[in-house]
Amino acid sequence: MKTLNVNTKQLSYPIYFDNSFGSLPRALSAAGLAQAAKAVVITDTNLADIYLADVTGRIKGVINDISTFTFPAGEKSKNLDTVKGVYGFFTEKNLDRKSVVFALGGGVTGDMAGFAAATFMRGVAYAQLPTSLLAQVDSSVGGKTGVDFMGHKNYIGAFHQPSLVYINTKTLNTLPPEQFTSGLGECIKHGLIGRDSDYYKFITDNADAIMAKDDAALMKLIEISCKIKADVVSYDEREHNLREILNFGHTFGHAIESLSGFNELHGHTVAQGIRGALYLSHLLGDVNIDVLQSYDLLLKRFGFPALKVDYTASDVYERMFSDKKARGGQLRLVLINGGGCAYAGANASEEQIMAAIGYILKGCAA
Ligand SMILES: NC(=O)c1ccc[n+]([C@@H]2O[C@H](COP(=O)([O-])OP(=O)(O)OC[C@H]3O[C@@H](n4cnc5c(N)ncnc54)[C@H](O)[C@@H]3O)[C@@H](O)[C@H]2O)c1
Ligand SMILES: [Zn+2]
């Protein structure tokens with residue numbers, strides 16, 4: 001079992017990487033969670049059938065009083081109604097501030113259960129047991145929790161750092177293939193933002209091994225991605241500056257995701273958003289055309305799907321701005337500079353942004 005520490009101002013917590021849940025009891029003891037009086041494992045209906053018995057069996061070795069809460073899988077459950085159900089369950093089980101909540105699942109479970117843990121009795125400890133690639137390399141690290149509200153994604157939320165993250169890479173064997181490529185979108189993003197120049201090369205050199213879910217390749221992919229994310233969020237826990245670079249590809253991507261009625265998977269739209277951000281950086285003279293070509297090749301090798309486009313470039317442009325305005329913010333595009341590093345607040349004209357959107361949409365239609 002490998003460990004990586006995430007250091008934030010208030011606390012530091014470990015991320016464990018393993019290929020089973022076998023070391024979970026040891027990880028809980030090391031994180032001081034073995035003293036917890038009660039545990040609640042929250043999971044979705046898909047994962048309950050596959051992993052719940054294994055995980056609760058392991059936890060029982062260290063915490064006796066354990067109960068489980070299962071909710072319907074999918075983004076539609078990431079709302080305050082589900083959280084209310086969780087609060088009710090916590091209350092029935094007499095959870096107190098010495099208890100610990102486990103989020104077993106993808107980003108939806110982690111965000112929703114993390115938010116319930118952040119707010120119940122002003123905060124109880126929680127542990128992330130991420131099972132989707134997206135959750136393993138992105139959402140389980142960084143302490144952002146929350147739910148969707150009135151059609152807005154992640155509108156209600158809180159920062160609440162987990163006590164530990166335990167990643168069992170073998171869970172990816174049961175993850176639907178399209179969810180796997182979606183997670184790869186975030187890994188590729190980590191490779192391109194200039195925090196570790198070898199990581200993108202590792203991904204391209206090992207694309208076949210990653211697709212074949214080779215043990216060593218997957219472990220390295222996830223470990224380095226977590227390290228990059230952990231480094232960035234340690235510097236800037238609450239997204240004042242540096243953390244913004246993690247939004248690379250996301251301004252274009254979110255607009256497209258939202259125009260699709262959230263039918264497209266997040267990582268798929270992010271991968272397309274990255275195409276737009278790279279193209280725009282190219283128009284500004286900072287990124288070579290070879291980078292764009294090799295990027296497209298990589299998406300092909302990973303089998304990223306073309307998106308279903310039933311909107312225009314102007315629709316995407318307007319959505320990019322209206323989403324930000326709705327949140328009282330300004331559009332701050334994240335692009336790549338001449339030194340190969342991501343930066344926020346790029347200056348680009350409407351014409352250049354429209355050209356980048358055109359580049360994305362043309363690629364999707366092909
Ligand atoms: N907190 C953050 O920093 C952050 C960052 C990025 C994304 N997010 C959030 O994460 C969510 C998306 O995460 P996601 O893509 O993991 O969604 P998800 O949790 O809905 O998981 C996707 C699907 O895969 C299934 N699944 C997950 N792991 C599985 C496994 N091992 N075997 C079989 N099926 C499995 C789930 O049941 C679900 O149907 C969004 O709500 C997004 O807003 C949060
Ligand atoms: Zn993302």
Side-chain angles (χ1 to χ4, degrees), residues 6 21 42-52 54-55 70-79 82 103-115 118 126 128-149 152-162 165 167-190 193 213 218 222 225-226 229-230 232-233 237-239 243-254 256-258 262 264-274 334:
V6 185
F21 285 112
I42 299 180
T43 196
D44 76 22
T45 39
N46 290 337
L47 294 151
D49 291 344
I50 322 176
Y51 300 109
L52 194 54
D54 186 11
V55 166
T70 304
F71 67 93
E75 185 74 30
K76 283 199 174 67
S77 288
K78 208 177 111 172
N79 58 42
T82 311
L104 170 67
V108 165
T109 307
D111 280 13
M112 190 281 292
F115 179 68
Y126 79 115
Q128 293 271 20
L129 309 178
T131 60
S132 69
L133 182 59
L134 187 139
Q136 295 184 350
V137 299
D138 192 354
S139 62
S140 67
V141 179
K144 275 190 184 175
T145 73
V147 293
D148 306 332
F149 187 65
H152 297 280
K153 275 206 69 172
N154 303 323
Y155 227 40
I156 312 286
F159 283 94
H160 187 43
Q161 301 293 345
V165 181
I167 298 174
N168 169 4
T169 57
K170 278 283 186 252
T171 57
L172 298 179
N173 285 340
T174 57
L175 185 69
E178 69 279 10
Q179 297 288 349
F180 187 73
T181 45
S182 175
L184 283 174
E186 301 287 1
C187 297
I188 294 171
K189 175 193 79 180
H190 288 147
I193 56 177
K213 302 217 174 83
L218 268 193
I222 294 164
S225 229
C226 283
K229 174 139 193 201
V232 172
V233 300
E237 204 179 330
R238 290 184 176 243
E239 197 161 317
R243 195 166 174 163
E244 274 188 284
I245 66 169
L246 296 174
N247 293 335
F248 182 56
H250 279 61
T251 312
F252 293 109
H254 272 153
I256 291 171
E257 193 181 357
S258 148
F262 294 94
E264 302 284 2
L265 293 183
H266 178 73
H268 293 167
T269 59
V270 166
Q272 293 300 335
I274 290 175
V334 180

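From a predicted model like this one, the values you see are computed outputs, not experimental measurements. One-based numbering, in listed order, for ligands and for the atoms of each.
Of the possible donor and acceptor atoms, one in the side chain of N79 sits under 3.5 Å from a partner among the backbone N and O of T82.
For the atom pair L104 CG and T109 OG1, the distance stands at 7.5 Å (nearest 0.5 Å).
Considering all non-hydrogen atoms of both residues, L133 and G183 come closest at CD2-C, 3.7 Å.
Under 4.0 angstrom from ligand 1, there are no non-hydrogen atoms of M112. At a heavy-atom distance under 4.0 Å, only side-chain atoms of K78, from C-beta outward, approach ligand 1. Contacts between L47 and ligand 1, counted as non-hydrogen atom pairs separated by less than 4.0 Å, involve the side chain only. Contact annotation: for Q179 versus ligand 1, heavy atoms closer than 4.0 Å belong to the side chain alone. The proximity of L175 to ligand 1, defined as any non-hydrogen pair under 4.0 Å, involves the side chain as well as the backbone. The proximity of S182 to ligand 1, defined as any non-hydrogen pair under 4.0 Å, does not occur for either the backbone or the side chain. Neither the backbone nor the side chain of T145 comes within 4.0 Å of ligand 1, counting heavy atoms alone. With a heavy-atom cut-off of 4.0 Å, L265 does not touch ligand 1 at all. Under 4.0 Å from ligand 1, the heavy atoms of D44 that appear belong solely to its side chain.
Residue, atom and distance of the protein heavy atom nearest to atom 7 (C) of ligand 1 are L134 CD2, 3.6 Å. Ranking protein heavy atoms by distance to atom 18 (P) of ligand 1, first place goes to V108 CG2, 3.8 Å. Nearest non-hydrogen protein atom to atom 33 (C) of ligand 1 is T174 O, 3.1 Å.
Residue contacts with ligand 1: S132 is placed with a nitrogen or oxygen under 3.5 Å of a nitrogen or oxygen of the ligand (distance criterion only). Considering backbone and side-chain atoms together, A135 places no N or O closer than 3.5 Å to any N or O of ligand 1. Ligand 1 has an N or O atom lying under 3.5 Å from an N or O atom of K153, backbone or side chain.
Side-chain atoms of K144 and N154 form no donor-acceptor pair, as typed in the model, at a separation below 3.5 Å. For the 3.5 Å distance criterion, the side chains of H266 and E186 qualify, holding a donor opposite an acceptor. Checked by atom type, the side-chain pair H268/S182 shows no donor-acceptor distance below 3.5 Å. With no hydrogens or angles considered, no side-chain donor-acceptor pair links H254 and T269 at under 3.5 Å.
Residue pairs satisfying the salt bridge (Lys or Arg N to Asp or Glu O under 4.0 Å) criterion with at least one member in residues 129-143, sequence neighbours excluded, are listed as follows: D138-K189, D138-K229.
Each of the atoms 30 (C), 31 (N) of ligand 1 lies under 4.0 Å from some heavy atom of T171. Listed by atom number, the atoms of ligand 1 under 4.0 Å from K229 heavy atoms are 3 (O). Atom numbering of ligand 1 starts at 1 in the shown order; those under 4.0 Å from a heavy atom of G106 are 16 (O), 19 (O). Counting the atoms of ligand 1 from 1 in the order shown, those under 4.0 Å from a heavy atom of N154 are 43 (O). Against a heavy-atom cut-off of under 4.0 Å, E75 is close to the following atoms of ligand 1: 40 (C), 41 (O).
Distances shorter than 4.0 angstrom occur between a heavy atom of P176 and an atom of ligand 1.
The aromatic ring centres of H160 and Y126 sit less than 6.0 Å apart.
Between the NE2 atom of H250 and the OE2 atom of E186, the angle taken at the Zn ion (ligand 2) works out to 120° after rounding to 10°.
Its N, O or S atom nearest to the Zn ion (ligand 2) is what matters here, and for H266 that atom is NE2.
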